[in-house]
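Proteins come first, then strands; the chains are lettered A, B, ... in the order of their sequence lines, and each starts at number 1.
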Amino acid sequence: MSPPRGGIEPSSASYVRGSIFMAKYPFREIEKKWQERWERDKTFKSVEDPAVPREKRRYVLDMFPYPSGDGLHVGHPEGYTATDIYCRYLRMNGYNVLHPMGFDAFGLPAENHAIKTGTHPSVTTHASIERFRAQIKSLGFSYDWDREIATCESDYYKWTQWIFLKLFERGLAYESDMPINWCPSCKTGLANEEVKDGACDRCGTKVTRKRIRQWVLKITAYADRLLSDLDLVEWPEAVKLMQRNWIGRSEGASVVFGIEGGTETMEIFTTRPDTLFGVTYMVLAPEHPLVHDITTKAQHEAVEAYVVAAAGKSDLERTDLAKDKTGVFTGAYAINPVNGRRIPVWISDYVLISYGTGAIMAVPAHDERDWDFAKVFGLPILQVVAKEGSPEAKIGTCGDPDECFTEEGVAVNSGDFSGLGTADFKQAIVAWLEKRGIGKRAVNYKLRDWLFSRQRYWGEPIPVVHCPSCGIVPLPESELPLLLPEVKSYAPTGTGESPLANIPEWVNTTCPKCGGPAKRETNTMPQWAGSCWYYLRYLDPRNGAAFASKESLEYWMPVSLYVGGAEHAVLHLLYSRFWHKVLFDLGAVGTPEPFMRLVNQGMILGDDNQKMSKSRGNVVNPDEIVREFGADSMRVYEMFMGPLEVSKPWATSGLVGVSRFLEKVWALGERFGEDSASAAPPAELRKLLHKTIKKVTGDTATLNFNTAISAMMIYANELGRLETPPRALWEPFVLLLAPYAPHLAEELWERLGSGGPASTLARETWPSFDEALCADEEKEIVVQVNGKIRDRFVAPAGTAEPELQATALARPKVKEWTDGAVVAKVIVVKDKLVNIVVTKI
RNA sequence: GCGAGAGUGGUGGAAUGGCAGACACGCCAGACUUAGGAUCUGGUGCCCCCGGGCGUGAGGGUUCAAGUCCCUUCUCUCGCACCA
């Protein structure tokens with residue numbers, strides 16, 4: 001292939017129609033050629049070679065995409081490019097690398113599109129997958145495509161269903177008919193994690209409350225391990241913190257209060273058992289079962305009205321912090337176990353039925369929310385904690401407080417406990433309560449069980465049947481996969497029933513246990529189900545007997561590096577960890593955590609610094625970029641924009657700069673000729689080469705791609721100054737560039753005559769550097785007087801401090817600043833600087 | 001409100017406590033050119049009496065030396081938000 005030089009005819013393949021831009025190098029031919037060759041030769045196929053020691057294996061994973069109808073946007077390739085560069089770098093360093101790609105293919109967008117257009121979601125999903133795959137391939141990523149998976153394929157979701165059965169067997173999947181978050185637009189229930197600011201995370205519609213039968217996964221049973229095992233993984237602290245906050249562990253005590261004149265008792269959870277003497281009222285959530293039992297006749301009507309009103313409110317209305325507290329007195333009184341005091345029991349929607357016991361002891365003096373409530377209803381406020389060292393703390397008693405004090409301090413007005421510090425009091429009172437059997441140490445979590453069923457069509461059917469005589473019966477494993485049936489209408493019913501409920505021939509079945517007539521479960525699984533374990537299927541994607549063989553699990557797991565967007569910090573990453581731990585307990589996987597290291601790539605914003613969106617009209621289409629500038633330019637630009645982890649705006653002008661760099665490299669390759677082989681490399685450039693190898697090696701290994709590219713640009717610029725680049729300076733550079741611009745590098749490598757038609761540089765040895773050559777023989781020494789730079793001179797590297805000091809002090813320019821002053825101190829930093837501290841006379 | 005992160009030229013961004021602004025875009029000047037989002041060379045933080053002075057959101061502090069460490073404060077982004 002002889003590239004055109006100078007003028008290019010419009011008919012040339014390098015001419016891009018609709019653009020006045022003309023490439024100097026034929027990236028389109030080059031990229032096509034190498035992509036075809038990699039595919040033909042299966043260059044990036046991963047094999048479990050037992051000869052490769054464990055420390056030379058890496059599993060590098062991208063968060064797989066949901067193939068939407070819109071195709072890829074420029075944000076997708078950012079993470080994919082990062083992992084691809086890293087994988088190519090690892091292979092050149094002798095690692096055996098597993099780097100797969102697949103598709104998260106069940107989900108609502110395809111189903112909604114199907115309803116609108118009448119095309120089956122399976123058809124649109126497969127079309128989208130085709131499109132995504134082609135787009136991803138156009139960027140030249142080194143995936144092992146033989147391991148591609150799609151979560152909507154029955155040989156994949158067979159194992160999603162299998163894992164569900166395991167969860168069910170272990171009592172981790174159960175039915176419930178609690179009120180749930182319901183999205184009226186998506187017409188399905190949502191998990192807590194899918195609700196953001198009271199709205200559906202997907203479509204933004206305000207969620208309502210609905211009571212329907214649901215499948216729920218007992219993720220709370222793993223709360224403690226999900227929390228503590230965060231210490232095992234190398235993840236961004238921000239993500240760990242988000243998960244810790246989401247799990248929300250809090251330690252305290254549960255305390256039982258008796259009800260006056262009755263046998264009922266009321267259990268509450270508190271993190272401040274040291275404030276028990278300050279309880280002036282109690283509050284039950286409106287849904288609390290005790291409400292009906294203890295409400296007095298006189299209060300019955302008011303209470304009933306409040307309960308009905310609360311039930312009709314959305315969570316958002318109930319949890320709006322700005323609104324005033326509301327509530328109703330039940331007429332009942334509880335007895336404070338620590339002092340026998342009689343305290344009124346109220347109901348209010350500021351107490352949540354789903355946390356703790358759904359009931360609280362109210363200590364208005366030391367809790368903002370109780371304070372607000374007490375102020376609204378004129379309830380007494382009794383201070384029982386005083387600031388350490390305050391006069392109240394000393395005398396152990398005090399008057400009415402005029403503000404709420406929520407910090408720790410010293411107990412007052414607390415009987416024998418007065419004078420104790422908060423921490424000591426907590427220990428003492430828990431012991432006191434435990435001795436009397438009316439309370440104990442307790443731990444509570446914000447984390448709720450995971451609402452797992454969706455009232456929609458395009459998802460994995462839940463593999464259980466409902467039998468009138470046997471109850472809920474799981475399908476035997478041999479009946480998996482339970483296929484998603486073809487339907488004529490997959491429109492959601494909106495009633496809380498899945499469209500599957502309308503297919504009698506599918507719903508009506510026989511009970512696997514008793515053989516009698518039974519009905520299939522008609523809810524489907526949420527989109528998260530398939531993505532919970534896909535990283536395991538890549539290990540052994542065609543295995544019909546297990547989700548993955550023991551050998552493949554043992555060979556590759558855990559994932560060494562996982563790259564994806566921060567939006568999954570809680571959702572996918574928490575769910576996935578949960579399933580993995582269940583599989584670990586089953587002995588099905590060998591590691592407690594799936595993803596050892598996690599990196600979140602930053603978002604690529606539009607050139608207006610706003611989130612890319614169709615409505616803003618600032619979306620950049622990667623296809624156009626690849627067509628006009630080539631995949632290599634796209635890859636290198638996305639990595640050159642800035643650090644991987646931060647958000648940064650797209651600027652096509654910046655892309656042009658990168659494109660020019662690659663063109664310069666191509667032109668350098670053109671200049672490389674016969675005489676290059678023997679040309680002696682200039683010493684300075686040889687040093688620069690070794691410095692560049694060192695910099696690019698270090699920066700690639702640590703994913704600091706932007707500075708690695710900068711180093712390569714500097715080197716290419718210097719190399720460009722030479723008449724003919726010597727081979728010894730050129731070859732290693734081509735290898736350094738290879739992970740970043742693989743198509744261009746392969747072509748240049750081939751032109752170097754390095755191999756036959758089947759060859760590739762994908763497994764060539766990464767260049768090494770000579771540390772001695774990276775060091776400068778001469779150093780520029782900066783001379784400061786009182787911290788300001790006044791002069792500089794060159795000294796041999798390693799010159800001793802006293803010598804540097806003497807040289808600096810003798811410099812005429814320095815003397816101008818030190819004359820007529822007393823040199824108080826001289827600081828010398830070897831190879832760097834001399835700072836002369838003077839005091840004026 | 002609570003928690004986390006970030007503020008550096010006209011722009012994206014570089015800087016183990018030791019030359020602030022690498023690299024790139026843009027801009028200016030020149031060269032080459034029928035032409036150009038082409039190429040090459042040089043310049044480009046601000047002010048200036050051309051000696052120098054000032055500069056990393058603002059204000060303080062530690063240090064011989066601070067973009068970097070500490071305190072205060074402002075702004076922006078993200079997460080959580082009556083979880084007792």
For B:A84 and A:Tyr350 - does any side-chain N or O of the residue sit under 4.0 Å from the phosphate oxygens OP1/OP2? no
Assigned partner base of B:G18, Watson-Crick or wobble definition, under 3.5 Å: B:C64
A:Glu663 has a side chain; which of B:U39, B:C23, B:G37 sits nearest to it? B:U39
Taking atom CD1 of A:Ile625 and atom OG of A:Ser633, what is their separation to the nearest 0.5 Å? 9.5 Å
Hey, what do you get for OH (A:Tyr445) to CG (A:Leu226), rounding to the nearest 0.5 Å? 10.0 Å
State whether A:Arg660 places a side-chain N or O below 4.0 Å from either non-bridging phosphate oxygen (OP1 or OP2) of B:G26. yes
Between atom CZ of A:Phe373 and atom CG of A:Leu379, what is the distance when rounded to the nearest 0.5 Å? 6.5 Å
Looking at the side chain of A:Glu628, which of B:C64, B:G37, B:G3 is the nearest nucleotide? B:G37
Distance between P atoms of B:C23 and B:A14 (Å, rounded): 14 Å
What's the NZ-C1' distance between A:Lys325 and B:A84, to the nearest Å? 11 Å
Between A:Asn245 and A:Lys446, is there a side-chain donor-acceptor contact under 3.5 Å, judged purely by atom types and distance? no
Complementary nucleotide of B:U56, counting Watson-Crick and G-U pairs under 3.5 Å: none
Spacing of A:Gln784 atom CD relative to B:C64 atom C1', expressed in whole Å: 9 Å
Does OP1 or OP2 of B:C54 have a side-chain N or O of A:Lys788 closer than 4.0 Å? yes
Under 4.0 angstrom, heavy atoms only, what part of the nucleic acid is A:Ile827 near: base, sugar-phosphate, or nothing? base
Side chain of A:Trp817 only, heavy atoms from C-beta on: which candidate in B:A24, B:G53, B:A14 is closest? B:G53
Applying the side-chain hydrogen bond (donor to acceptor under 3.5 Å, both in side chains) test to A:Asn704, which of A:Thr702, A:Thr700, A:Thr707 qualifies? A:Thr702
Can you tell me the pairing partner of B:G51 across any strand shown, Watson-Crick or G-U wobble, with both distances under 3.5 angstrom? none
Could you tell me the separation between the CG atom of A:Asn704 and the P atom of B:A22, rounded to a whole number of Å? 19 Å
Starting from the 5' end of RNA chain B, give me the residue, A:Leu833 or A:Val658, whose nearest nucleotide shows up first. A:Leu833
Quick one: label A:Val829 by what it contacts on the DNA or RNA (base, sugar-phosphate, nothing), any heavy atom closer than 4.0 Å. base
Below 3.5 Å, does any donor atom in the side chain of A:Lys832 face an acceptor in the base of B:U16, or the other way round? yes
If we take the C1' atom in both B:U44 and B:G21, what is their distance in whole Å? 12 Å
Distance-only donor-acceptor check, side chains A:Thr220 and A:Arg448, under 3.5 Å: no
State which of B:A20, B:C23, B:A84 makes the closest approach to the side chain of A:Ile789. B:A20
Taking B:A65 as the reference, what is the distance to B:G17 when you measure between their C1' atoms (whole Å, please)? 8 Å
Can you find a side chain N or O atom of A:Asn717 that sits less than 4.0 Å from OP1 or OP2 on B:A24? yes
Could you check whether the rings of A:His366 and A:Phe405 sit parallel, tilted or perpendicular, using 30° and 60° as the cut-offs? perpendicular
Name the closest nucleotide to the A:Trp246 side chain, picking from B:A24, B:A81, B:G18. B:A81
Parallel under 30°, tilted from 30 to 60°, perpendicular over 60°: which one fits the rings of A:Phe425 and A:Phe277? tilted
In whole Å, what is the span from the OH atom of A:Tyr715 to the P atom of B:A24? 16 Å
Output yes when at least one side-chain N/O atom of A:Asn706 is less than 4.0 Å from OP1 or OP2 of B:A14, else no. yes
Scanning all shown strands, the Watson-Crick or wobble mate of B:G1 with both distances under 3.5 Å is B:C80
To the nearest angstrom, the OH-P distance between A:Tyr445 and B:A84 comes to 13 Å
Just compare B:G13, B:G18, B:C82 and give me whichever is closest to any side-chain atom of A:Lys648. B:G13
Is B:G79 syn or is it anti, if syn means the base angle is within 90 degrees of 0? anti
Which nucleotide sits closest to the side chain of A:Asn835: B:G3, B:C19, B:A65? B:A65
Using Watson-Crick geometry (N1-N3 plus N6-O4 or O6-N4) or G-U wobble (N1-O2, O6-N3), each under 3.5 Å, B:G26 is paired with B:U44
Does B:G51 sit syn or anti, given that only angles within 90° of 0 count as syn? syn
Closest approach to the side chain of A:Arg721, judged atom by atom: which nucleotide of B:U41, B:C23, B:G13 is it? B:U41
Determine the Euclidean distance between corresponding C1' atoms of B:U41 and B:C46; express it in Å to zero decimal places. 27 Å
Protein-nucleotide distance (A:Asp370, atom CG; B:C82, atom C1'), rounded to Å: 10 Å
Going by distance alone, is a donor N or O of one side chain under 3.5 Å from an acceptor N or O of the other, for A:Glu267 and A:Ser254? yes
Out of B:C19, B:G53, B:A4, which nucleotide sits closest to the side chain of A:Arg790? B:G53
Side chain of A:Val782: nearest nucleotide among B:C64, B:C19, B:G13? B:C19
Residue matched to B:G9 through Watson-Crick or wobble contacts both under 3.5 angstrom: none
A:Ser647 side-chain N/O to B:C78 phosphate OP1/OP2 under 4.0 Å: no
Applying the 3.5 Å cut-off to both distances, the Watson-Crick or G-U partner of B:A31 turns out to be B:U39
Have a look at A:Ile714 and say if it touches a base, only the backbone sugar-phosphate, or nothing, with a 4.0 Å heavy-atom cut-off. sugar-phosphate
Describe the nucleic acid contact of A:Phe661 in one word from base, sugar-phosphate, nothing, applying a heavy-atom distance below 4.0 Å. nothing
Less than 4.0 angstrom between a side-chain N/O of A:Lys825 and OP1 or OP2 of B:C64, yes or no? yes
When only distance counts, do a donor and an acceptor, one from the side chain of A:Lys446 and one from the base of B:C80, lie under 3.5 Å apart? no
